[in-house]
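Worksheet: one structure, shown below.
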Protein chains: 2
Amino acid sequence: MVRLKDVAHLAGYDISTVSKVLQGGNIRVSAEARERITKAATELGYRPNLMARGLRTRKTGAIVLGLPRLDHPMYPTITAGAESAASELGIVLFVYKFPEDGAAEALINLVLQGRADGIILAAEMANGGFHELAKQSDVPVVSLNRSDDQVAPSVVLDDEAGFAAQANYLADLGHRDIAFVGANEESRSNRFCEQAFLRTLAQRGISLGNDHVLRAEFDGADVEDVVGIILGLNPIPTAVAAASLAMAIRLTRKFESKGVRVPSQISVIGYHDAAQSEWVSPSITTVSMPSYQQGQLAVRRLVELMQGGDVQLGETVCSPGEIVIRESCRSLD
Amino acid sequence: MVRLKDVAHLAGYDISTVSKVLQGGNIRVSAEARERITKAATELGYRPNLMARGLRTRKTGAIVLGLPRLDHPMYPTITAGAESAASELGIVLFVYKFPEDGAAEALINLVLQGRADGIILAAEMANGGFHELAKQSDVPVVSLNRSDDQVAPSVVLDDEAGFAAQANYLADLGHRDIAFVGANEESRSNRFCEQAFLRTLAQRGISLGNDHVLRAEFDGADVEDVVGIILGLNPIPTAVAAASLAMAIRLTRKFESKGVRVPSQISVIGYHDAAQSEWVSPSITTVSMPSYQQGQLAVRRLVELMQGGDVQLGETVCSPGEIVIRESCRSLD
DNA sequence: ATGAAAGCGCTAACAT
DNA sequence: ATGTTAGCGCTTTCAT
């Protein structure tokens, strides 16, 4: 291991001078010193020992993106965005799959023990009073898609605009008789999706009966029941809007396997986008939400929070989503 | 922040005694000391400063799983397995999405700078001479699915057995006229899959013409061409084996959209398993490979490597895969 | 412009 | 069984 001392020795300067130079700030050093020191450092392949530095500065230069699992379709995109913002800022982003039990403790320990400087939490944390713990320990946290209370800064998707876009798209295609399949799961999205969707349709003069507003698992595990209900409506709706991509895919498959063709007999639109939209035929028309941007914003917000003193609670809202037109919706005109 | 000193003060012992007790080893302390110290520690909510500890011990207690992206279908499972093994061993696992440029440097720096003790590399690293760098810097590395050379310990899936199982399953169902779609990508799997598949069929007295052995992108982006070729064969094969799950799903969809029913007219089998197998109809029969176990083994191997002196190169082979029977294959009998 | 020196919190060898 | 002590490598204040 190459130490500051070794570089200092080779360059012929004191260790403290070397330290200053290698931090790259605007300190006053002679050009010669600067040159000889950087040369010596690269020559020796010097790499600062982050544990020693951190012990002094109480900073790690790392942040953690905490996830409950990795198999949610949006996590890769969020992570990629977060990673890009982090590396732009010269900090390291680690993804940490936190355990089911003791998640709050485990996550917060990461910061309290000096493994990271802050946390981006990409999940509702059901139990454990995470945010109280974080506040109490003064651990910087940015939440994703959380807005029910004012406990922490949060970066949220504009789901209101997203579901409005979904509704408008179907209305634009001439659909009037529409079913909506929301997610069972208790989440932020959830509270808005139904409302925003229905309100937007209402503005277009379209009202949905209660029997046209349904619920299913986020991953579409129980779409069979929903399809049964929809096909039992009289008349059968001309379009179905789903609150996830998985639902849309599985609804489409279920319709087709029951002999109901998509989109000729019924149109299906999803919410969120991923590669799987293209894996199926018909490929799935859906609302693409800016998850990449969400990851970026979360990192930037966290870094501000870590630096600046004034902790601003409340939401940062991402750009609106966009309809990605594929094959699963048809125009009625 | 609560320091060792604070605990020592409250408990009425010396800092070094506290240190020994809190490390939990078999050191000789009076029962009273042990009790009073642990009590004081919990009372104060003491958490060891890992940077200070690491500075002394030159260990971080963390390892990194390095991935090029997160959207590969097997990564969540591998990660979950790795996580379980890591937490069993009391170490922290971070997932690190390394940058495209300078990946080798970035990964190795993580260890050299004291952010982690070792690396599990879940990718071929095309450029950058990663393994030379790692060896030269004495950074512990375990590779996943790498076996072409003897540069580092590796944990590999038993793809030979996996593709043999795939072949045997189709043969068991009575298929004789079979097409095989391998992956374009240059990977370990690739070198074995075709061979193992064909050899197994040969053992069953089935030989495939060259025109029955095809290639496509791993993610199935170009299955359309492949479907065209397969449907141009005379006679059309009764079954198609694919070297990935995405290929199998997209082949199935493409067949169906061309009016060729799966499995009644043609059977399709995939390789690897994930939730998406169930998203489509017919659901996909496939070979489930033990990715979870692979993650576990990789962590254990890495920890051995970090502890034990004798670095054993070469492969650790996972359990054979298992056929998951769903709807996309039918028996010919 | 450069150097001297203190100390971050911890561990471990050694002394008692 | 418990305490003393010397650092790990770095940053930073203060002196020169």
Side-chain angles (χ1 to χ4, degrees), chain A residues 1-41 44-62 109-117 137, chain B residues 1-41 44-62 109-117 137:
Chain A
M1 137 165 287
V2 183
R3 276 121 58 252
L4 221 40
K5 192 205 279 187
D6 304 317
V7 179
H9 187 75
L10 179 61
Y13 283 90
D14 184 81
I15 172 179
S16 67
T17 308
V18 175
S19 172
K20 285 167 203 154
V21 168
L22 260 29
Q23 279 170 81
N26 305 317
I27 24 75
R28 307 150 61 75
V29 236
S30 69
E32 193 199 345
R34 172 161 276 131
E35 193 195 343
R36 279 174 51 195
I37 286 172
T38 47
K39 182 155 163 288
L44 294 174
Y46 171 72
R47 289 182 177 85
N49 180 322
L50 265 25
M51 317 198 84
R53 175 181 289 174
L55 183 57
R56 271 303 315 235
T57 62
R58 340 215 103 244
K59 289 260 152 294
T60 66
N109 266 353
L110 255 25
V111 175
L112 257 32
Q113 302 193 324
R115 289 199 196 278
D117 300 327
S137 321
Chain B
M1 140 165 280
V2 183
R3 276 119 61 253
L4 220 39
K5 194 203 280 185
D6 304 316
V7 179
H9 187 74
L10 178 62
Y13 283 89
D14 184 82
I15 172 179
S16 68
T17 308
V18 176
S19 172
K20 284 168 204 152
V21 168
L22 261 29
Q23 279 168 80
N26 306 318
I27 24 77
R28 308 149 60 75
V29 239
S30 68
E32 192 199 344
R34 173 162 275 129
E35 192 194 341
R36 280 175 50 196
I37 287 172
T38 47
K39 181 155 164 288
L44 295 173
Y46 170 74
R47 288 182 177 85
N49 181 324
L50 265 25
M51 316 199 84
R53 175 182 288 174
L55 183 58
R56 270 303 314 234
T57 62
R58 337 212 107 252
K59 289 263 154 288
T60 67
N109 266 354
L110 254 26
V111 175
L112 258 31
Q113 301 194 323
R115 288 198 196 278
D117 301 328
S137 321

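Per chain, numbering begins at 1; letters A, B, ... match sequence-line order. It should be emphasised that the depicted structure is a prediction, and the values quoted were computed from it without experimental measurement.
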Worksheet entry | Nucleic acid contacts - residues 44-52 of chain A versus DNA chain D, non-hydrogen atoms under 4.0 Å | A:Tyr46, A:Pro48, A:Asn49, A:Ala52
Item to complete: Tell me what A:Ser30 touches on the nucleic acid: a base, only sugar-phosphate, or nothing, going by heavy atoms under 4.0 Å.
Response: sugar-phosphate
Worksheet item: Can you name the nearest heavy-atom pair linking A:Ser30 to A:Tyr13, along with the distance?
Response: OG-OH, 4.3 Å
Worksheet entry | side-chain hydrogen bond (donor to acceptor under 3.5 Å, both in side chains) involving A:Thr17 - partner list, sequence neighbours excluded | none
Practice prompt. Name all residues meeting the salt bridge (charged side-chain N to carboxylate O under 4.0 Å, His left out) criterion together with B:Arg36; count only those two or more places apart in sequence or in a different chain, and write none if there are none.
Written response: B:Glu32
Worksheet item: Mapping A:Ser16 and B:Ala33 onto DNA chain D by nearest heavy atom, which one lands closer to the 5' end?
Response: B:Ala33
Worksheet item: Contact class for A:Arg53 (heavy atom, under 4.0 Å): base, sugar-phosphate, or nothing?
Response: sugar-phosphate
Fill in: Side-chain N,O (A:Thr57) to OP1/OP2 (C:dC8) below 4.0 Å
no
Discussion item. Between B:Asp117 (side chain only) and B:Lys59 (backbone N and O only), is there a donor and an acceptor less than 3.5 Å apart?
Written reply: no
Worksheet item: Which residues within residues 6-14 of chain B lie with some heavy atom under 4.0 Å of an atom in DNA chain C?
Response: none
Worksheet item: Rounded to the nearest 0.5 Å, how far apart are CE of B:Met51 and OG1 of A:Thr60?
Response: 6.0 Å
Worksheet item: When the distance from CZ of B:Arg3 to C1' of C:dG7 is rounded to whole Å, what number comes out?
Response: 12 Å
Worksheet item: Rounded to whole angstrom units, what separation is found between the CG atom of B:Leu4 and the P atom of C:dC10?
Response: 5 Å
Name the pairs: protein N/O against N/O of nucleotides 14-16 of chain C, kept only if under 3.5 Å.
none

Item to complete: Rounded to the nearest 0.5 Å, what's the gap from NZ on A:Lys39 to CG on A:Leu44? Could you check?
Response: 10.0 Å
Worksheet entry | Nucleotide range of DNA chain D lying under 4.0 Å from chain B heavy atoms | D:dA1 to D:dG9
Fill in: Gap separating the CZ atom of B:Arg47 from the OG atom of A:Ser137, nearest 0.5 angstrom
6.0 Å
Worksheet item: Judged by atom type as modelled, is there a donor-acceptor pair below 3.5 Å linking the side chain of A:Thr38 to the main-chain atoms of A:Arg34?
Response: yes
Worksheet, complete the sentence: In short, B:Ser19 meets B:Leu4 closest at the heavy-atom pair CB-CD2, 3.8 Å
Worksheet item: Is the backbone of B:Ala62 close enough, under 3.5 Å, to the side chain of B:Arg115 for a donor and an acceptor to pair up by distance?
Response: no
Discussion item. Here's a test of your reading of the structure: between B:Ile15 and A:Arg56, which maps to the more 5' nucleotide of DNA chain C?
Written reply: A:Arg56
Worksheet item: Just how far, in rounded Å, is C1' of C:dA12 from NZ of B:Lys59?
Response: 16 Å
Worksheet entry | Shortest non-hydrogen separation from A:Gly45 to A:Val2 and the atoms involved | O-CG2, 4.3 Å
Practice prompt. Specify the residue among B:Thr17 and A:Ser19 whose closest nucleotide of DNA chain D lies further upstream toward the 5′ end.
Written response: B:Thr17
Discussion item. So, taking the atom named CG in B:Leu50 and the one named CG in A:Leu55, what distance separates them when rounded to the nearest 0.5 Å?
Written reply: 11.5 Å
Worksheet, complete the sentence: Between the CE atom in B:Met1 and the CZ atom in A:Arg58, the distance rounded to the nearest 0.5 Å is 5.0 Å
Response to the item:
Rounded to the nearest 0.5 Å, the NZ atom of A:Lys20 sits from the CD1 atom of A:Ile27 at a distance of 8.0 Å
